[in-house]
Participant: 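So that we are looking at the same thing, I have put the structure below in structure tokens.
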Number of protein chains: 2
Amino acid sequence: MKLKSMDISATASASSIVFDALRNAIIEGQLEEGEPLRQDEIARLFNTSRIPVREAISRLEEQGLVKTQRYKGAVVAGLSPEEAEEIFSLRALVEPEIIKNAVPRMSREVLDQARAKCSAFSESKDPMEWGNLNRDFHETLYSASNLSYFLEIAGNAIDRVERQIRAQLVMSNGMERAGREHFAILDACENGQADTAAELTKAHIEGAKTSLLQFLPKA
Amino acid sequence: MKLKSMDISATASASSIVFDALRNAIIEGQLEEGEPLRQDEIARLFNTSRIPVREAISRLEEQGLVKTQRYKGAVVAGLSPEEAEEIFSLRALVEPEIIKNAVPRMSREVLDQARAKCSAFSESKDPMEWGNLNRDFHETLYSASNLSYFLEIAGNAIDRVERQIRAQLVMSNGMERAGREHFAILDACENGQADTAAELTKAHIEGAKTSLLQFLPKA
DNA sequence: ATATTGAATATTGGATCCAATATATATTAT
DNA sequence: ATAATATATATTGGATCCAATATTCAATAT
């Protein structure tokens with residue numbers, strides 16, 4: 001008798017399914033700044049009760065992706081230019097450290113995947129894909145790093161600005177410059193130049209910061 | 001007719017009361033690594049139902065202060081030497097930036113408060129107070145900074161290692177060195193030397209990292 | 001017509017209950 | 001006595017219900 005056993009405790013809870021779906025919807029711009037998250041509506045959509053939805057929303061608030069007000073519910077968080085600047089500054093501190101740690105640990109396989117993703121980004125004609133391709137590329141490189149806490153911090157920082165980055169990528173001509181910079185970072189990684197990769201990553205982020213700040217409306 | 005009005009939506013929810021209490025209990029070492037957080041027990045203690053307790057626990061997990069396993073509940077998170085190292089490295093990146101931003105913004109009042117807290121730390125004979133006094137001092141200096149996101153990141157990083165820092169402060173002779181370093185940082189702040197304050201802060205954190213890593217058991 | 005008040009409806013916060021899973025204890029088999 | 005099985009108990013996950021607060025709409029006053 002061949003049975004495929006599975007660890008039942010690895011199954012996703014209702015709350016984490018809702019959390020992941022909402023996080024993705026926010027990052028991808030399907031839920032826009034200020035949009036209310038109606039507990040009952042989301043619960044209906046996922047065919048669950050409101051309790052897991054409330055837990056998911058609590059977690060999203062800790063991630064800075066939504067803002068809740070007592071008795072008034074949650075809305076998708078906005079991003080002021082000041083906040084954006086800080087978040088990018090933090091990324092410019094953290095991500096070079098990640099890549100510096102990652103470079104000596106990169107396998108041939110990781111580098112191949114990264115090159116494929118770099119090309120995919122560069123060649124894509126579908127603006128809807130650019131955000132995912134951009135992020136995939138960076139995440140592939142960073143995946144070689146063993147700095148799990150730094151990865152967690154960077155991941156959340158990116159989540160915070162991702163919706164705006166994606167909007168900006170679609171609406172401006174930053175794609176070409178980003179593509180070139182990706183290849184330069186990748187080359188440095190392939191050549192084992194950790195410090196160069198870190199510097200290029202920092203410059204890349206600083207450039208993205210400048211672009212995004214120009215794109216964001218002034219309050 | 002004189003009525004004192006209040007904004008009812010500013011009242012604390014059950015969930016945030018539980019969250020704050022658990023966070024403090026973890027930070028202060030009253031809840032130790034591996035200790036289970038029993039939903040029903042906590043609910044009874046706070047005279048509420050389990051729902052707000054579950055939400056509080058979800059938030060604590062996002063903060064990295066507890067670890068939950070599906071169907072098995074939450075336990076207070078541990079801290080490996082590797083994690084500790086990373087968290088301190090992140091702090092050593094972030095906190096100097098905070099203080100550099102804070103120094104030119106420090107009022108006479110903030111500096112006076114900081115000096116009072118610095119002296120209080122230095123003079124305290126009660127090991128149970130050292131943790132709070134230490135943190136108070138740094139938070140007072142940082143409060144002059146307008147980098148709200150950096151403050152959030154640093155605050156959480158400190159929360160993650162605070163229990164161990166406090167244990168280590170009590171059990172080792174790092175108090176004297178910490179006290180001297182505090183006064184040096186404070187002097188630099190008072191003299192408007194933002195870069196010096198940043199360097200001293202970085203050195204202070206790196207020193208604390210070394211001490212803590214010596215204190216933590218090797219796995 | 002506009003402003004104010006009252007009623008109805010929508011939504012959130014959390015209490016209670018039920019089902020599912022994990023753990024502890026008792027019973028049976030070896 | 002030890003190991004395996006069955007039963008009881010503890011705990012978690014979430015469905016449902018109720019109370020509290022906010023928002024919308026209708027009715028009334030000016």
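The basis for the numbers below is simple: all heavy atoms, side chains too, and nothing from hydrogens, waters or symmetry mates. In what follows, chains carry the letters A, B, and so on, assigned in the order in which the sequence lines appear, proteins first and then strands, with residues in each chain numbered from 1.
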Participant: Send over the distance from B:R54 CZ to C:dT16 P, rounded to a whole Å.
Facilitator: 16 Å
Participant: If you measure from the Lys or Arg side-chain nitrogens to the Asp or Glu carboxylate oxygens, is any gap between B:E152 and A:R160 under 4.0 Å?
Facilitator: yes
Participant: For residues 32-46 of chain A, tabulate all N or O donor-acceptor pairs below 3.5 Å that involve a side-chain atom, not counting sequence neighbours.
Facilitator:
from: A:E35; atom 1: OE1; to: A:E32; atom 2: N; distance (Å): 3.1
from: A:Q39; atom 1: OE1; to: A:R50; atom 2: NH1; distance (Å): 2.7

Participant: Under a 3.5 Å threshold, yes or no: a donor from one side chain and an acceptor from the other, between A:S13 and A:S16?
Facilitator: yes
Participant: Parallel, tilted or perpendicular: which fits the ring planes of A:H138 and A:H182, with parallel below 30° and perpendicular above 60°?
Facilitator: perpendicular
Participant: Would B:R59 and B:E62 pass as an ion pair if we require N to O under 4.0 Å?
Facilitator: no
Participant: Starting at CD1 of B:I17 and ending at C1' of C:dG13, how long is that distance when rounded to a whole Å?
Facilitator: 13 Å
Participant: Whole-Å distance between D:dG13 C1' and A:F46 CZ?
Facilitator: 17 Å
Participant: Determine yes or no for a side-chain-to-main-chain donor-acceptor pair under 3.5 angstrom, with A:E86 supplying the side chain and B:Y149 the backbone.
Facilitator: yes
Participant: Could you state the CD-P distance from B:E55 to C:dG14, rounded to the nearest angstrom?
Facilitator: 7 Å
Participant: Is there a donor-acceptor contact under 3.5 Å linking the side chains of A:E129 and A:S124?
Facilitator: yes
Participant: Whole Å only: how far is the OH atom of B:Y71 from the P atom of C:dA19?
Facilitator: 15 Å
Participant: Would you mind telling me which of C:dG14, C:dA20, C:dA15 lies closest to the side-chain atoms of B:T48?
Facilitator: C:dA15
Participant: Confirm from the modelled atom types if B:R50 and D:dG13 form a donor-acceptor pair under 3.5 Å, side chain to base only.
Facilitator: yes
Participant: I want to verify a distance call: between C:dA15, D:dA22, D:dG14, whose nearest atom is closest to the B:S49 side chain?
Facilitator: C:dA15
Participant: Rounded to whole angstroms, how far apart are CZ on B:R70 and P on C:dT21?
Facilitator: 9 Å
Participant: For DNA chain D, what residues of residues 30-44 of chain B have any heavy atom nearer than 4.0 Å?
Facilitator: B:L37, B:R38, B:Q39, B:D40
Participant: From C-beta outward on B:P52, which listed nucleotide comes closest to its side chain: D:dA22, C:dT21, C:dG14?
Facilitator: C:dG14
Participant: If you check every side-chain atom of A:I51, which of D:dT23, D:dT21, C:dG14 has the closest atom?
Facilitator: C:dG14
